[in-house]
Amino acid sequence: MGQVLKNSRLKDSVAIIVGSSSGMGRATALTFAQEGAKVVLAARRLQILNELTSEIATLVEDDQAVLPCQTDIQHPDQVDHLIQQTVDRFGRIDILVYATGTNIPDRRLEILSNQTWEMMVQTNLTGAFYCTKAVLPTMRQQAEGLIIYISSAAVPYPDTSGVAYQATKHGMVGLAHGTFKEEKENGIRTSMIFPGLTDTPLVLKRPVPTPPEVVAQALQPEDVADTCLFIATLPPRAYVPELILMPTGLA
């Protein structure tokens, strides 16, 4: 037996979750599905997407409510395919959550390579641009849509996460705000979320392991998912430009 839906606050909504194979993206996909949304799972690891698809289908007792779509967001043709598959299956796109991102252990300027810099820009920023550009025509046609970008608390509170990480996460802010200014008359809203330390696989990419007692005080992916849900369930008249989410014990 599947689990009864928590609520139906996203009933009839269609949401694409980019980066849904793990961490914040996975938690957001599960939360949105439990709230009645049709969810499209986008990430590179197809096997993990298929496993999550089965989990969600069982959870909501509807195998038509979830669509896995293997996507490498570094390739615009694959992003275009993701959008087309979603429209073909569900007929619309109400929400896009850009929850993917990466970092590397060798992040200091003295050892950061040009190749690594390019990879970081491509994954954290250019991929967000590809997804934004690809989804806008559908949202314009609907005269409504919401794009949520998950950035990092390293933007409002600079830290030692590395210049490539910080530069790309700052770049997402410009993408989000610029998109809103151009598209708000078309009913399209954008929101930035800046999570502090969150217990996700990205923590494992730190050059020095984070002490377990610190990780124990971190946010959980579900906290970020609930924040996405809060934004997604606001009426179209409400706009959240930026939202900082910090773990209480580490603030």
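Nothing here was measured: the structure is a model prediction, and the numbers come from that model.
Side-chain heavy atoms closer than 4.5 Å link hydrophobic residues (I, L, V, M, F, W, Y) into clusters, and following such links, possibly through other members, connects Val97 to Leu234. In terms of hydrophobic clustering, with Ile, Leu, Val, Met, Phe, Trp and Tyr side chains grouped at heavy-atom distances under 4.5 Å, Phe230 and Ile150 are assigned to a common cluster. Under a hydrophobic clustering in which Ile, Leu, Val, Met, Phe, Trp and Tyr are joined whenever their side-chain heavy atoms come within less than 4.5 Å, directly or via other members, Leu46 and Ile56 fall into different clusters. When the side chains of ILVMFWY residues are joined at heavy-atom separations under 4.5 Å, either directly or via intervening members, Val87 and Leu136 end up in a single hydrophobic cluster. By the rule that hydrophobic residues join a cluster once side-chain heavy atoms approach within less than 4.5 Å of another member, Val173 and Ile188 end up as members of one cluster.
Within the 3.5 Å criterion, the main-chain N or O of Met192 finds no donor-acceptor partner in the side chain of Ser151. For Thr123 (side chain) and Gly101 (main-chain N/O), no donor-acceptor pair under 3.5 Å exists by modelled atom type. Between the Thr198 side chain and the Gly196 main chain, a donor and an acceptor come within less than 3.5 Å of each other. Between the side chain of Asn124 and the backbone N or O of Thr102, at least one donor-acceptor pair lies under 3.5 Å. Looking only at distances, a side-chain donor or acceptor of Arg189 sits under 3.5 Å from a matching main-chain atom of Ala238. At least one donor-acceptor pair closer than 3.5 Å links the side chain of Asp94 to the backbone N or O of Val14.
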Point to revise | side chain to side chain contact (heavy atoms under 4.5 Å, CB included) between Leu30 and Glu55, intermediate numbers included | key: CA-CA 9 Å; Leu30 285 164; Glu55 182 179 349; 3.9 Å; yes

Exercise for review: Kindly determine whether Gln85 and Leu82 satisfy side chain to side chain contact (heavy atoms under 4.5 Å, CB included), including the steps that lead there.
Suggested key: CA-CA 5 Å; Gln85 271 201 310; Leu82 164 67; 5.7 Å; no

Point to revise | Stepwise side chain to side chain contact (heavy atoms under 4.5 Å, CB included) check, Met120 with Asn103 | key: CA-CA 7 Å; Met120 292 286 290; Asn103 204 350; 3.5 Å; yes

Practice item. Starting from the C-alpha separation in whole Å, work towards a yes-or-no answer on side chain to side chain donor-acceptor pair (under 3.5 Å) for Gln84 and Asp88. Key: CA-CA 6 Å; Gln84 190 59 56; Asp88 289 347; 2.8 Å; yes

**Study point:** Worked verdict on Leu10 versus Leu229 for side chain to side chain contact (heavy atoms under 4.5 Å, CB included)
**Key:** CA-CA 9 Å; Leu10 293 179; Leu229 178 64; 3.7 Å; yes

Exercise for review: Report the C-alpha distance between Arg92 and Glu144 in whole Å, list the side-chain angles of each, state the deciding distance to 0.1 Å, and finish with yes or no for salt bridge (charged side-chain N to carboxylate O under 4.0 Å, His left out).
Suggested key: CA-CA 10 Å; Arg92 61 182 295 113; Glu144 63 178 341; 2.9 Å; yes

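Smallest separation of non-hydrogen atoms from Thr190 and Phe180: OG1-CB, 3.4 Å. Considering every non-hydrogen atom in both Ala225 and Thr31, the closest pair reads CB-OG1, 3.5 Å. Pairing each heavy atom of Ala27 with each of Glu222, the nearest pair is CB-N, 3.9 Å. The two residues Thr71 and Ala42 come nearest to each other via the heavy atoms OG1-CB, 4.1 Å. Closest heavy-atom contact between Gly249 and Gln217: O-OE1, 3.3 Å. Closest non-hydrogen pair, Ala33 versus Val60, comes out as O-CG1, 3.5 Å.
Looking only at side-chain heavy atoms (C-beta outward), Ser20 and Thr28 stay at 4.5 Å or farther from each other. Here the side chains of Pro68 and Leu52 are not in contact, with every heavy-atom distance at 4.5 Å or above. Within the 4.5 Å cutoff, the side chain of Ile93 has heavy atoms near those of the Met139 side chain. Taking 4.5 Å as the limit, some side-chain heavy atom of Gln166 sits within range of a side-chain heavy atom of Pro158. With a 4.5 Å cut-off on side-chain heavy atoms, Pro247 and Asp223 do not count as touching. In this structure the side chain of Lys184 never reaches within 4.5 angstrom of the side chain of Tyr239, judged on heavy atoms. In this structure the side chain of Cys69 never reaches within 4.5 angstrom of the side chain of Thr86, judged on heavy atoms. Using a 4.5 Å cut-off on side-chain heavy atoms (C-beta onward), Cys131 and Ile73 make contact.
Legend: salt bridge (Lys or Arg N to Asp or Glu O under 4.0 Å) pairs involving residues 130-142, not counting sequence neighbours, sorted by first then second residue: Arg140-Glu183. Here salt bridge (Lys or Arg N to Asp or Glu O under 4.0 Å) pairs that include residues 113-132, with residues two or more places apart or in two chains, number zero. Residue pairs meeting the ring pair (Phe, Tyr, Trp, His ring centres under 6.0 Å) criterion with at least one member in residues 27-47, sequence neighbours excluded, do not occur.
Between Ile147 and the options Val135, Ile95, Leu175, a side chain to side chain contact (heavy atoms under 4.5 Å, CB included) holds for only Val135.
The structure places CD of Gln122 at 4.5 Å from OH of Tyr130, a figure rounded to the nearest 0.5 Å. Taking CD from Gln141 and CG from Asn186, the interatomic distance works out to 12.0 Å, rounded to the nearest 0.5 Å. The CG atom of Leu245 sits 12.0 Å away from atom CZ of Phe194, with the distance rounded to the nearest 0.5 Å. Atom OG1 of Thr53 is separated from atom CG of Leu67 by 7.5 Å, given to the nearest 0.5 angstrom. Separation of atoms CD1 (Ile231) and CG (Asp226) is listed at 11.5 Å; rounding is to 0.5 Å. How far CG of Leu112 is from CZ of Arg107: 10.5 Å, rounded to the nearest 0.5 Å.
By the neighbour-count criterion of 12 heavy atoms within 6.0 Å, atom CD of Glu213 is densely surrounded, having more than that number from other residues, nucleotides or ligands. Annotation: Arg108, atom CZ; neighbour count of heavy atoms from other residues, nucleotides and ligands within 6.0 Å does not exceed 12.
Looking only at atom types and distance, the side chain of Tyr98 has no donor-acceptor partner in the side chain of Thr132 under 3.5 Å away. No hydrogens or angles considered: a donor-acceptor pair under 3.5 Å links the side chains of Ser21 and Arg45.
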